[in-house]
Amino acid sequence: VRLVESGGGLVQAGASLTLSCTTSGDASSRFVVGWFRVAPGKERSFVAGVSPNGGNTLYADSVKGRFTISRNNAERTVTLHLNNLKPEDTAKYYCATSAMLVSAYRYYANWGQGTQVTVSS
């Protein structure tokens, strides 16, 4: 399974962005897909995850109500909509797969190369 992230950019606080995680491989639609981020000087942290059929989602408290994760298995894409962005959302965002819908990154694999999101105040 291979994952490729896209959609990052530089925006002002309060703006929105849409990140995409495109998966490849026959089994890609059978996995949980999660989004994580790494901010400057900080450890990798969980952002959101979605179950294989898209019916269940999980969010970090810091993004609840602002970010929305969804997936389209026919297009092999997992989308993360980022609304009302804040400077503290500045980070490199990565997607990865897991067998479980959990927040701990040690359960995730097949990490993409990441996409940078920068939010100015």
Novice: Which pair of heavy atoms, one from R71 and one from N73, lies closest together, and at what distance?
Specialist: NE-OD1, 2.9 Å
Novice: For residues P87 and S121, report the shortest heavy-atom separation together with the two atoms involved.
Specialist: CG-CB, 3.8 Å
Novice: Test of understanding: with ring-ring contact (aromatic ring centres under 6.0 Å, His included), list the residues that count as partners of F36, not counting sequence neighbours.
Specialist: F46, Y108, W111
Novice: Treating Ile, Leu, Val, Met, Phe, Trp and Tyr as nodes and any side-chain heavy-atom pair under 4.5 angstrom as an edge, say whether V38 and Y105 lie in one connected cluster.
Specialist: yes
Novice: Once you round to the nearest 0.5 Å, how far does CG of L17 lie from CG of L80?
Specialist: 10.0 Å
Novice: Hey, could you give me the CG/CG distance between L101 and L58, rounded to the nearest 0.5 Å?
Specialist: 5.0 Å
Novice: With R37 as the cation and Y93 as the aromatic partner, state whether NZ or CZ is under 6.0 Å from the six-membered ring centre and within 45° of the axis.
Specialist: no
Novice: Measure the shortest side-chain to side-chain distance between T79 and T18 over non-hydrogen atoms and say whether it is less than 4.5 angstrom.
Specialist: yes
Novice: Measuring only between side-chain heavy atoms, which start at C-beta, is T57 closer than 4.5 Å to S51?
Specialist: no
Novice: Any side-chain heavy-atom pair from E5 and C95 closer than 4.5 angstrom?
Specialist: yes
Novice: In the structure I gave you, are the side-chain heavy atoms of V78 and I69 within less than 4.5 Å of one another anywhere?
Specialist: yes
Novice: Once you round to the nearest 0.5 Å, how far does OG1 of T90 lie from CD of E88?
Specialist: 8.5 Å
Novice: Before giving the answer on side chain to side chain donor-acceptor pair (under 3.5 Å), spell out for T97 and N110 the whole-Å C-alpha distance, their side-chain angles and the decisive distance to 0.1 Å.
Specialist: CA-CA 6 Å; T97 62; N110 302 310; 2.8 Å; yes
Novice: Taking atom CG of L3 and atom CD of Q113, what is their separation to the nearest 0.5 Å?
Specialist: 9.5 Å
Novice: Report the distance from atom OG of S16 to atom NE2 of H81, rounding to the nearest 0.5 Å.
Specialist: 10.0 Å
Novice: Do Y94 and F31 share a hydrophobic cluster (ILVMFWY, side-chain heavy atoms under 4.5 Å, transitive)?
Specialist: no
Novice: One thing to verify: whether K86 and D89 come together as a salt bridge, which I'm taking to mean a side-chain N less than 4.0 angstrom from a carboxylate O.
Specialist: no
Novice: Considering non-hydrogen atoms only, spot the tightest contact between C21 and W35 and give its length.
Specialist: CB-CZ2, 3.5 Å
Novice: When you measure from the side chain of T115 to the backbone N and O of G8, does any donor-acceptor pair fall under 3.5 Å?
Specialist: yes
Novice: Hey, could you give me the CG/CZ distance between N84 and R66, rounded to the nearest 0.5 Å?
Specialist: 6.0 Å
Novice: Could you tell me if the side chain of L19 sits less than 4.5 Å from the side chain of L82, heavy atoms only?
Specialist: yes
Novice: Under the ring-ring contact (aromatic ring centres under 6.0 Å, His included) test, which residues partner Y59, sequence neighbours left out?
Specialist: none
Novice: Would a hydrophobic clustering, with Ile, Leu, Val, Met, Phe, Trp and Tyr connected at side-chain separations under 4.5 Å, put V63 with V50?
Specialist: yes
